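A short worksheet on the structure shown next.
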Amino acid sequence: MAIRMLDGPATTAEEIVSTLERDGAAVLRGLADPAAMDRLQAELRPWFEARPVRPDEFRGDHTRRVGGLVARSPEFRKLAVSRPVLDAAARILGPHCTRIQLCYTQIMLIGPGETPQPFHRDDEVWPWARSPQEEWAVSGIWAATDFTTENGATRAVPGSHLWPRDRVPREDEVVSAEMAKGDLFLYMGSLLHGGGANVTASEVRAGVQAFYALAWLRQPENQYLSVPPEVARTFEPALQDLIGYAVHGRIMGEVAMEDPRVSLLGRARAEIAAADAEAGVAADGSTLTGYA
């Protein structure tokens, strides 16, 4: 099964969701300006150039990774609130939560000589069993450079989000998510995938991950330490909410018995209520209705 290619700016949330529910993944073509990807890499260069490659069986022997992108990159902050992505994630995750959250961010630079990453599912960070119909996460990898089979394009197993967790894929079930700079590989948290091998002599494949999940789950990347209140106050309200500076339901995430948007960020309750209504967050703490 091939990965379906969709027109990123033109495809409806309904079509994106139906593709993800059927195949587990899709590539949204041309969703970001390639020049924005160049600016993003320039913003993050001081961090990834200073970070040594640390040999690691899972994260790679020839791969550099940098997290904390919300605080470090204005261009990433724009990607994180991409409307087609939020619309799709809200529709998929909404039946199980009041709001969604951005729970993990990283740039991954796969260098020459890297071997294939072991297949994994992003939602395995939460070690609880669930049914195939109960999705807890939606993740996206933005192509900050072109992705090719030779330079380490993400390898994925379409349809594996519906498999038993112990099923091992055959090689003929694996496909490479080849993309142009600015495309997005969007996939279910339950999909088997992994970084590819880089067999080129000099190319570095740069991918940027934004990982969304139910807001009542623990964030794998601690956004409150990565983005402390004094930094979060400078962000647009939608991003503040997305990284966790908002209660889930009525009280989950309170600070001093108050919504942190009030107690830490100084936002007005009327503005908060209006923002929640626009995002489809019900005032009574019921499930998310969507960002569309």
Side-chain angles (χ1 to χ4, degrees), residues 1-8 19-20 23-45 47-49 51-67 69 75-76 79 105-122 139-161 168-188 191-211:
M1 181 189 299
I3 298 173
R4 189 177 179 194
M5 305 293 174
L6 303 174
D7 183 331
T19 301
L20 264 61
D23 303 340
V27 169
L28 306 185
R29 293 287 199 192
L31 194 56
D33 182 354
M37 293 302 182
D38 294 336
R39 292 192 296 270
L40 182 149
Q41 289 191 76
E43 290 167 352
L44 295 173
R45 185 164 290 113
W47 283 278
F48 64 68
E49 286 186 346
R51 187 174 183 83
V53 173
R54 296 189 177 119
D56 182 294
E57 181 180 358
F58 181 78
R59 294 187 172 183
D61 295 337
H62 300 276
T63 298
R64 295 180 189 272
R65 297 173 185 264
V66 173
L69 304 192
E75 287 295 340
F76 178 80
L79 298 181
T105 69
Q106 63 174 327
I107 184 169
M108 304 161 284
L109 297 106
I110 295 180
E114 188 58 273
T115 55
Q117 185 184 35
F119 283 117
H120 61 283
R121 308 173 195 266
D122 284 349
S139 196
I141 298 175
W142 297 84
T145 60
D146 291 347
F147 277 35
T148 67
T149 299
E150 293 74 26
N151 74 8
T154 303
R155 302 169 77 228
V157 186
S160 59
H161 63 305
V168 177
R170 302 187 310 269
E171 191 58 36
D172 64 355
E173 294 174 306
V174 179
V175 297
S176 292
E178 294 196 304
M179 301 189 285
K181 185 191 299 185
D183 292 351
L184 173 68
F185 176 57
L186 190 66
Y187 60 98
M188 296 290 207
L191 184 84
L192 284 170
H193 69 286
N198 187 333
V199 298
T200 70
S202 59
E203 291 183 40
V204 175
R205 190 227 77 177
V208 178
Q209 185 177 28
F211 179 6

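Since the structure is predicted, the reported quantities are computational estimates derived from the model, not experimental observations.
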All side-chain contact (heavy atoms from CB on, under 4.5 Å) counterparts of D23, not counting sequence neighbours: M1, R4, T19

Could you tell me whether the side chain of [X] and the main chain of [Y] form a donor-acceptor pair under 3.5 Å?
X    : Y    : result
N151 : T200 : no
N198 : E203 : yes
Q209 : M108 : no
E75  : E43  : no

Which heavy atom of [X] sits nearest to which heavy atom of [Y], and what is that distance?
X    : Y    : value
L192 : P169 : CD1-CD, 4.0 Å
A25  : L191 : CB-CD2, 3.8 Å
P158 : A156 : CD-O, 3.4 Å
A206 : L109 : CB-CD2, 4.2 Å
F147 : W142 : CZ-O, 4.2 Å
S176 : A153 : CB-CB, 4.3 Å

Within-4.5 Å side-chain heavy-atom neighbours: [X] and [Y]:
X    : Y    : answer
R205 : T154 : yes
I3   : F185 : yes
L69  : L79  : no

For [X], which residues count as a side chain to side chain donor-acceptor pair (under 3.5 Å) partner, sequence neighbours excluded?
X    : result
E178 : T149
R155 : E171
T145 : none

Nearest 0.5 Å, what's the [atom1]-[atom2] distance between [X] and [Y]?
X    : Y    : atom1 : atom2 : value
F211 : Y187 : CZ    : OH    : 7.0 Å
I107 : L44  : CD1   : CG    : 5.0 Å
L186 : L20  : CG    : CG    : 5.0 Å

More than 12 heavy atoms of other groups within 6.0 Å of R65 CZ: yes

Would you be so kind as to tabulate the donor-acceptor pairs closer than 3.5 Å made by side chains of residues 111-121, with sequence neighbours excluded?
from : atom 1 : to   : atom 2 : distance (Å)
E114 : OE1    : D61  : N      : 3.4
E114 : OE2    : D61  : N      : 3.1
E114 : OE2    : H62  : N      : 2.8
E114 : OE2    : T63  : N      : 3.3
E114 : OE2    : T63  : OG1    : 2.6
Q117 : OE1    : G195 : N      : 2.9
Q117 : NE2    : F58  : O      : 3.1
H120 : ND1    : P118 : O      : 3.0
H120 : ND1    : H193 : O      : 3.1
H120 : NE2    : H193 : NE2    : 3.3
R121 : NH1    : S160 : O      : 2.9
R121 : NH1    : S190 : O      : 2.6

Could you pull out every donor-acceptor pair under 3.5 Å between side chains of residues 27-38 and any protein atom, sequence neighbours left out?
from : atom 1 : to   : atom 2 : distance (Å)
R29  : NH1    : D183 : OD2    : 2.7
D33  : OD1    : A35  : N      : 3.0
D38  : OD1    : K181 : NZ     : 2.7

